[in-house]
Amino acid sequence: DAKTTQPNSMESNEEEPVHLPCNHSTISGTDYIHWYRQLPSQGPEYVIHGLTSNVNNRMASLAIAEDRKSSTLILHRATLRDAAVYYCIRRYGGSQGNLIFGKGTKLSVKP
Amino acid sequence: NAGVTQTPKFQVLKTGQSMTLQCAQDMNHEYMSWYRQDPGMGLRLIHYSVGAGITDQGEVPNGYNVSRSTTEDFPLRLLSAAPSQTSVYFCASGDYEQYFGPGTRLTVT
């Protein structure tokens with residue numbers, strides 16, 4: 001039971017921002033929100049994670065709702081290389097917790 | 001720094017054969033895990049380890065065995081291969097950020 005809900009697919013145009021939503025309405029106070037992505041024929045790749053506050057790194061931004069029941073991964077300028085399956089994951093237990101993957105959102109980027 | 005390495009990259013087995021998928025990491029991570037990914041699906045957790053000598057079952061452990069005698073290595077053993085175990089297998093290690101290996105594509109005929 002992945003316990004997160006994501007759209008099956010989304011489309012974006014190259015060089016435009018992308019907002020990937022995730023619903024985790026049953027999240028508990030100690031669950032971190034992690035995002036990974038998987039490019040075709042590769043293993044998953046870490047994107048970003050957060051607990052309560054919004055987070056930024058070189059790849060993306062993570063906006064977490066105040067009630068923590070949803071979050072949004074923001075890619076500021078999509079490139080063709082960003083076409084991948086994006087997984088939103090609740091992770092209980094901090095750095096020793098398991099990642100339980102759902103089906104993710106398949107992002108297509110049009111030139 | 002090689003990260004997470006997996007061998008072999010490809011393997012074909014006959015039903016009933018056994019084999020070991022190797023996974024090694026050089027980042028001194030305590031946490032390591034094994035996943036399988038079937039076509040069009042997300043990854044499912046098979047087994048995981050939080051340190052040498054400590055392993056536990058994930059979502060789909062049946063038919064697989066693991067041990068962790070060193071921090072670096074976390075092999076996955078298929079005891080008696082079945083066609084249902086045809087899949088891509090990923091090993092991962094890390095703490096807050098998990099690093100995944102390139103995968104082993106296993107076909108069981």
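Proteins get letters first, then strands, A, B, ... in listed order; numbering begins at 1 in each.
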Closest non-hydrogen contact found for A:Asn98 with B:Tyr31 is OD1-OH, 2.5 Å
**Study point:** Same apolar cluster: B:Phe90 and B:Met19, side chain cutoff 4.5 Å
**Key:** no
Turns out that what part of B:Gln6 lies under 4.5 Å from chain A's heavy atoms comes down to neither
Q.
Heavy-atom count check: over 12 atoms from other residues, nucleotides or ligands less than 6.0 Å from A:Asp67 CG?
A. yes
Of the listed A:Glu45, A:Gln38, A:Gln42, the one with the largest count of heavy-atom pairs under 4.5 Å with chain B is A:Gln38
Okay, B:Tyr35 and chain A: the region with an atom under 4.5 Å from a heavy atom over there is side chain
Scanning both residues in full, the closest heavy-atom pair of A:Arg91 with B:Asp95 reads NH1-O, 2.7 Å
Does one hydrophobic cluster hold both A:Leu73 and A:Ile33, with members joined at side-chain heavy-atom distances below 4.5 Å? yes
In terms of heavy-atom contacts, A:Tyr87 and B:Met41 come closest through OH-O, 4.0 Å
So, the part of A:Ile48 with a heavy atom under 4.5 Å from chain B: the answer is neither
Chain B shares the most heavy-atom pairs under 4.5 Å, among A:Pro44, A:Ser41, A:Gly104, with A:Pro44
For A:Phe101 and B:Leu43, the nearest pair of non-hydrogen atoms, with its separation, is CB-O, 3.3 Å
Let me check something: do A:Ile64 and A:Trp35 share a hydrophobic cluster, defined by ILVMFWY side-chain heavy atoms less than 4.5 Å apart, either directly or through other members? yes
Checklist entry - For the hydrophobic clusters of this structure (ILVMFWY residues joined by side-chain heavy atoms under 4.5 Å, transitively), does one cluster hold both A:Leu99 and A:Ile27? => result no
Whatever's closer than 4.5 Å to a heavy atom in chain A on B:Arg44 counts as neither
So ring-ring contact (aromatic ring centres under 6.0 Å, His included) across residues 39-62 of chain A, not counting sequence neighbours, yields A:Tyr32-A:His49, A:His34-A:His49, A:Tyr36-A:Tyr46, A:Tyr46-A:His49, A:His49-B:Tyr96
Path from B:Phe100 to B:Phe10 over hydrophobic side-chain contacts below 4.5 Å = no
CG of B:Leu45 to CD1 of A:Ile100, rounded to nearest 0.5 Å, is 5.0 Å
